[in-house]
Number of protein chains: 2
Amino acid sequence: MNAKYISIYHKLIEQIEKGAFTVGSKIPSEKLLMEQFDVSRDTIRKSLQMLEQNGYINKVKGKGSFILDTAKLNFPVTGLISFKELSNQIGREAETIVEILEKKWPSKFIREQLEIDDQTAIWKVVRARKIDGKKIILDKEYYNSSYVEKLSRSICEGSIFDYIENTLHLNIGFAKKEIVVQACTEDDQKYLDLDGYDMVVVVNTFVYLDDGSLLQYGQSRHRPDKFKFVDFARRIQQVNE
Amino acid sequence: MNAKYISIYHKLIEQIEKGAFTVGSKIPSEKLLMEQFDVSRDTIRKSLQMLEQNGYINKVKGKGSFILDTAKLNFPVTGLISFKELSNQIGREAETIVEILEKKWPSKFIREQLEIDDQTAIWKVVRARKIDGKKIILDKEYYNSSYVEKLSRSICEGSIFDYIENTLHLNIGFAKKEIVVQACTEDDQKYLDLDGYDMVVVVNTFVYLDDGSLLQYGQSRHRPDKFKFVDFARRIQQVNE
DNA sequence: ACGCATTTGTTCGTATGTATC
DNA sequence: CGATACATACGAACAAATGCG
């Protein structure tokens, strides 16, 4: 079903995570991989480019592609990842409590964030996230109901993204996140176990569909001592002329 | 000097930022761009892929490539960018005060972070960053002296990265950043105008050279109300099999 | 210092698949 | 259905960096 280069990308990740190559060592050359997978160089290069962009390898001209220490780089937190995927990865007991679920008309603030008029209803979802018995994240999300017509409590207890992608068959395209720190609000105190902290880390998120339309605005509010964001970045190519 | 696709990438950015295309509109098709720049489709596609990855456009199969609202997406903060580049971009009066500059033997903590032994000297640089008259960022950086032999006060007052790339001709490859929030330390109180805040946002950074060797470990400590981090992410391709 | 083999980087060409309109 | 536009895949050639003898 998938493109060859994507399936090779996943196969290589599997090998890397299995420890088939030691950290700092070279992976087979493009020529060898071509033969192993019986594909063209173009296809292998696309797979390797994905590995490079996602921080698995570092390519050096004339030398080869080297495995990076993904454990040390504390992967992956950059990018779009849902709370459910995250809790699966960290392997800790996590629980989601749906505090509010309602379809309503948008306030001025939400109209501005979602770029809609007052004739477009929205779904408002507020969920507290419990890890190791403490409520440390408060997620407030607003969905454009033109794209998500119906939401239920049971969907919200699982992964809304799962529902959007696999049931509604909408394709998430990209997202913008903004991280700031704010004084905590009454809602934070009401829904979170703040443990004395008077500030929260706020991650504002705008999620767009494949075709560029704005699906969701969300605020993820974290207790400061439990927040961590990891980013992997490559140096942007410079102009030499 | 540069590769064609990189120079076309920069030319297209220039056009986009000049407002040659309106937000939400299509840019010329790959076929047209091929003719305009007189290059192959492969070259154009590489340029467009870079634009897409850096959040300038959104490509939709069968439709075209659409301009994203880069102003709204609040560019660019993701990725590697030095304080000097940043202050140029935001266009505010910014000043750097070099508080500490010394070559010394590494502590145990720094040895672990930089993955060196106690025979490798390090450069320690502490700089306060003043914006609009207030010291709001404290940068503590440690460089492996095997790569950076000499540092001077005047270099530190400008951009150390400039010096590393343009004078030492070392190529920065990639970096890992980690964002956390911590209680402020004595140093924070000593060097920053904290304005009553008792927490700081800490960005831990590991900067690697082209060949994968670790050049720098740094802590960038920010007053919480003045901190903002923006991230642009694309949905990672899923397995469909 | 030099040439040669290896490896990745860039560019071109061509063909076919798939989504949109 | 046909035209357009982007996606995937293969092949080929040369450039540039590296390592070795």
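What you see below is based on every heavy atom in this structure, not just the backbone, and it leaves out hydrogens, waters and symmetry mates. We name chains A, B, ... by the order of the sequence lines, and we start the count at 1 in each one.
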Exercise. Can you tell me the distance, in whole Å, between the CD atom of A/Glu35 and the P atom of D/dG11?
Key: 12 Å
Quiz item: Between atom CG in B/Asp38 and atom P in C/dG13, what is the gap in whole Å?
Solution: 9 Å
Quiz item: Quick one: does B/Leu48's side chain get under 4.5 Å of B/Lys59's, heavy atoms only?
Solution: yes
Practice problem: Would you kindly give the CG-to-P distance between B/Asp211 and D/dA16, to the nearest whole Å? | Solution: 21 Å
Quiz item: Does a donor on one side chain and an acceptor on the other come within less than 3.5 Å for A/Thr96 and A/Arg129?
Solution: yes
Quiz prompt | D/dT4 phosphate, OP1 or OP2, under 4.0 Å from B/Ser29 side-chain N/O | solution = no
Quiz item: Taking atom types as modelled and ignoring hydrogens, do the side chains of B/Ser7 and B/Asn2 form a donor-acceptor contact shorter than 3.5 angstrom?
Solution: no
Quiz item: Which nucleotide, D/dA16, C/dC12, D/dC10, lies nearest any side-chain atom of A/Lys61?
Solution: D/dA16
Exercise. Rounded off to whole Å, could you give me the CD-to-C1' distance for the B/Glu52 and D/dC6 pair?
Key: 11 Å
Quiz item: Checking all strands, does B/Lys46 fall into the base, sugar-phosphate, or nothing category for heavy-atom contacts under 4.0 angstrom?
Solution: base
Quiz item: Between the base of D/dA5 and the side chain of B/Arg41, is there a donor-acceptor distance below 3.5 Å?
Solution: no
Exercise. Indicate whether OP1 or OP2 belonging to C/dT11 is found under 4.0 Å from a side-chain N or O atom of B/Tyr5.
Key: no
Self-check item: Non-hydrogen atoms of B/Leu214 and B/Tyr147 that approach each other most closely
Solution: O-CE1, 3.7 Å
Practice problem: Return no unless some side-chain N or O of B/Lys59 is found under 4.0 Å from OP1 or OP2 of D/dA7. | Solution: yes
Quiz item: To the nearest angstrom, how far is A/Asp42 atom CG from C/dT14 atom P?
Solution: 16 Å
Quiz item: For A/Thr43 and D/dT8, is the shortest distance between a side-chain N/O and OP1 or OP2 below 4.0 Å?
Solution: no
Self-check item: Spacing of A/Leu32 atom CG relative to C/dT8 atom C1', expressed in whole Å
Solution: 14 Å
Quiz item: More 5' along DNA chain D: B/Leu48 or A/Ser40, using each one's nearest nucleotide?
Solution: B/Leu48
Self-check item: Any A/Lys31 side-chain nitrogen or oxygen under 4.0 Å from OP1 or OP2 of C/dT6
Solution: no
Quiz prompt | Salt bridge flag under 4.0 Å for residues B/Glu112 and B/Lys108 | solution = yes
Practice problem: Would you indicate, yes or no, if C/dT7 has its OP1 or OP2 atom less than 4.0 angstrom from a side-chain nitrogen or oxygen of A/Lys26? | Solution: no
Quiz item: Whole Å only: how far is the CD1 atom of B/Ile44 from the P atom of C/dG13?
Solution: 12 Å
Practice problem: Report the nucleotide, chosen from C/dC21, C/dC12, D/dT8, that has the shortest atom-to-atom distance to any side-chain atom of B/Lys63. | Solution: C/dC21
Quiz prompt | Rounded interatomic separation in angstrom, taking CD from B/Gln49 and P from D/dA7 | solution = 9 Å
Self-check item: Contact under 4.0 Å: A/Arg45 side-chain N or O vs C/dG9 OP1/OP2
Solution: yes
